[in-house]
Structure formats: structure tokens, C-alpha cells
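This report refers to the structure that appears directly beneath it.
Just so we're on the same page: letters track the sequence lines, and every chain starts at 1.
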Protein chains: 2
Amino acid sequence: MATAAQTRRAALRETLIEIAERHITQNGLSSLRARDLAKEAGCALGAIYNAVGDLNELTLEVNARTFKRLGAYVTQHTPSDIAPIDRIVAMAWAYHHFAAENHNAWRALFDIERAPDEAAPAWYLTEMQGLFALIHGPLSELNPDQSPEELALLTRALFSGVHGIVLLSLDQASAGLPPEETDRMLDLILRRLS
Amino acid sequence: MATAAQTRRAALRETLIEIAERHITQNGLSSLRARDLAKEAGCALGAIYNAVGDLNELTLEVNARTFKRLGAYVTQHTPSDIAPIDRIVAMAWAYHHFAAENHNAWRALFDIERAPDEAAPAWYLTEMQGLFALIHGPLSELNPDQSPEELALLTRALFSGVHGIVLLSLDQASAGLPPEETDRMLDLILRRLS
DNA sequence: GCCCTAAATTGAACCGCGTTCAATGAGAGG
DNA sequence: CCTCTCATTGAACGCGGTTCAATTTAGGGC
């Protein structure tokens, strides 16, 4: 067991992830620079590539954390003792607020570049399923007689739609559009689906 | 009048835009390289910066064209003699098909990086208004007694929602999800809004 | 036609950045 | 104490956008 070395390697990896997370959260994905990372972590430039494959992998690691936080946030802000439609609206609002409060980290979830062929990592799909499952509950209560297949499609459509509304709202957030308007938009459109 | 020089300058600018458009369309925004551009246009590297400000401006120019094509495409594929709800679905499908058939160019519309403070260019807002106007028509027919303000919000929400559905569908297009499913999703969700 | 000036054109050089790699160092096992 | 393996180092590479001093080109006045 070369344990000591492997432990330090893992520790550096952890340090790098934390620094990367701070950078992404504070200044966005494009502010992630290998030389800054090395300086802040107190290691040499090349050491990064021993602890972590490359910067993209580092971003992936940060994204995994962000995704988990997102899931927890939405769950936490969705009361279980209210009507299905209210739960759906609450989830959409939670998604919106998380995105607004964690704008840079949230954007990094989607701004990361994937090679056109390779699939998304497993944890990404898992977390996504989790979010879908959250929506699926109240949605099936609202539509007891819908086929499972259509329900799956509807779930996906609902998530994507909310995502689009939040995305375009935050994109031009500086150009007017107060957050309350976005919440109203979400409320307005979601309640029409019941 | 230093006309001759200015004419050639404008010609080079036009050439560059066309080459850039071809590159973006065929291989995506990230394949736009100044040195390739110079080689293909038959000019020196530095000459590019006399004809256009920088590569970002070039992308903006290509995006303007893409946006116009998008508007024309949606208009063309939206029959005016059908029910309002059918018009809305037709527009969404047209948006989806244009995005699918012009994936790289369409992505470049949103992938371009803007400084966080500066607003979107005027033509962008104008074209956007045009798309919104297209939606507003049938939507107000469907909701004659809605307040103008809520109608505006609904219009925006509808566009953003469709955009989100198309965006996430195309993102993982390689990972399954046939285009017909996306069309069904759009149909399913839009018809619930009537 | 001839010069003069202002503009365009050129491409080498600059800079920033991700990534690599030969050289060096350090730690575990014998 | 030696050795072998693995981590660490930071200079160097490759790439790509942008700049700029030098050069060429072209219009306008005589």
C-alpha cells in the first residue's frame, strides 16, 4: 500500500474541487484557470493533472455537487401536504430560485462542453431521474387516467419548459424582468395544465 | 471618396461573414478560427481585423442572418387558416424543425458570449419581438378576456417553454429520443393550455 | 506623369491558456 | 543504505485571438 501518497493525492483532489467550486460559483465557469488553481492549492501546475484528469473532469465534479444541492433544494422547498398543482408550482419556483441564487454554478451544469458523441455521465442521468421523479408524483395525481408513456413525456416536457423559462429569464435578468415576473409566468402557465 | 478601398473592405467583410456562416453551420461555433478564415478568404491574418472588429462581431453577424431565417421559416410553416391552437402547435414544430436542421447555427444564437453588463444588440430584440408577435396572435384569440399584461407574460412563457423543450431534446438527440417524440411532447403540452 | 499622404495589408510577434514531459525528489520495501 | 516506483516540478509546446511596426497600395493635387 502506497497509502500515504494516495491519501495526499485524494486530499489534493478534494482541495482542487473546492477551489474550483468557489471560482465557478463566484466568477463563472470561464474563470477556471489551471495556473490560478495551482497557485491557490499551493501545488505545481503539473500536479493538477496527477490529481485530476483535466479541468473538464474538475468541472464535472463541481457540477455533480451542484446537481445534488439543486435536488435537495427543490425537495426541501416542496411541501408534501398541498395539492398536486401547488406542489408543481412550488417545485418550479424552487428551481427558479436555486438557479437565480446559484447562477454561475447552475449555468455551468449546462455550459460544460461534451464531445458530440459521448453520453452524459451516469450521475447526471441519475440526478435527472430524481428531478423527474419529483415531478412525476403530482403529475400522475393530476392525470390518473393518462398512459404511463404519455405521463413520462409530459414530465419531461414540464421540466424542459420550466427550465427554458428560467433560462431565458435569467439570461436577460440585467435587462429588466424582475424575478417576481418569472414566478408569475411559471404560476400562470403551470396552472393552465391542470 | 476613397470608394475603391471601402468597397473592397466591404467585400472582404461579406466574404468573411459567408465563410464564417459555413463554418458555424457545418462544424459549430467553436470551429471558427481566425487563421482558417484568413486562408479561405485569401487575405492576411491581420486583414480580418480591418474588415470586422473581431470574431465575436463576425458571429453576431452570422447570428443575425440565422435569426432572420428562423423567423421566415416559422412564418412560412404556420398556416393562417387554421384554428389558433393549431397555429401555436405548428409554430412550435417549425421552431423545433428549424433548430434540428440548423443545429449548429441555432446553438450559436445562444452560445455567443455577452459581457454580463452589455445588453443584447437591437436587431436581436427586434427579431425576438417578431417571434413574440407571431405567438401573440393566436394566443389572444384563445384568450379574448385576458389582460394584455398577462397575455404578454403568457406569450413569453410559451416561447421560453418551447425553447427549453427543444433545447434539452436536441442536447441529447444522439442519446435516443427521436424527433417525433419531441413533436408529440410539444403537441401534448401546448394543447393543454387551451 | 509624379509625389505625397492616408489608408489597407502583411505576417511575425505577443499573450493567455491547457496540457505534456524530462528531470528531480521523496517514500516504501528489501 | 540502496533501489525502484510514483509524485512533483515548472519549463516548454501547441494553439488561437489579437496587435502592430513595416510595407504596399491607391487617390488627389500639382
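Between A:Phe110 and A:His163, a ring centre-to-centre spacing shorter than 6.0 Å is recorded.
Under the salt bridge (Lys or Arg N to Asp or Glu O under 4.0 Å) criterion, A:Glu14 pairs with A:Arg65, sequence neighbours left out. B:Glu61 meets the side chain to side chain donor-acceptor pair (under 3.5 Å) test with B:Arg13; sequence neighbours excluded.
Under a hydrophobic-cluster definition in which Ile, Leu, Val, Met, Phe, Trp and Tyr are linked whenever side-chain heavy atoms come within less than 4.5 Å, directly or via other members, A:Leu190 and A:Leu151 are assigned to different clusters.
Separating the CD atom of B:Glu57 from the P atom of D:dG17 is a distance of 15 Å, rounded to the nearest angstrom. The distance from atom CG of B:Leu58 to atom C1' of D:dT18 is 14 Å, rounded to the nearest whole Å. In this structure, B:Tyr49 places its OH atom 20 Å from C1' of C:dA7, rounding to the nearest Å. Atom CG of B:Asn56 is separated from atom P of D:dG16 by 17 Å (rounded to the nearest Å). Rounded to a whole Å, the CD1 atom of B:Ile48 is 10 Å from the P atom of D:dT18. The distance between atom CG of A:Asn50 and atom C1' of C:dA26, rounded to the nearest whole Å, is 14 Å. Distance CZ (A:Arg9) to C1' (D:dT5): 13 Å, rounded to an integer number of Å. One atom, CG of B:Leu55, and another, C1' of D:dG16, lie 9 Å apart when rounded to the nearest Å.
Applying a 4.0 Å cut-off to non-hydrogen atoms, the residues of residues 29-44 of chain A that approach DNA chain D are A:Arg35, A:Cys43, A:Ala44, listed by residue number. The stretch residues 18-25 of chain A has no heavy atom under 4.0 angstrom from DNA chain D at all.
The existence of a salt bridge linking B:Glu40 and B:Arg22 is confirmed by a sub-4.0 Å separation between a basic side-chain nitrogen and an acidic carboxylate oxygen.
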Can you give the donor-acceptor pairs under 3.5 Å from side chains of residues 133-144 of chain A to other protein atoms, not counting sequence neighbours?
from     : atom 1 : to       : atom 2 : distance (Å)
A:Ser140 : OG     : A:His136 : O      : 3.1
A:Ser140 : OG     : A:Gly137 : O      : 2.8
A:Glu141 : OE1    : A:Arg87  : NH2    : 3.4
A:Glu141 : OE2    : A:Arg87  : NH1    : 3.2
A:Glu141 : OE2    : A:Arg87  : NH2    : 3.2

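The two residues A:His96 and A:Leu186 have their closest heavy-atom pair at CB-CD1, 4.0 Å.
When the shell of 6.0 Å around CD of B:Glu113 is examined, it contains 12 or fewer heavy atoms from other residues, nucleotides or ligands.
Listed by first and then second residue, the salt bridge (Lys or Arg N to Asp or Glu O under 4.0 Å) pairs involving residues 159-169 of chain B amount to none (not counting sequence neighbours).
Contact between the side-chain N/O atoms of A:Arg8 and the OP1/OP2 oxygens of D:dT8 is found at a separation under 4.0 Å.
Residue B:Leu45 has its side chain nearest to D:dT18 when only D:dT18, D:dA12, D:dT8 are considered.
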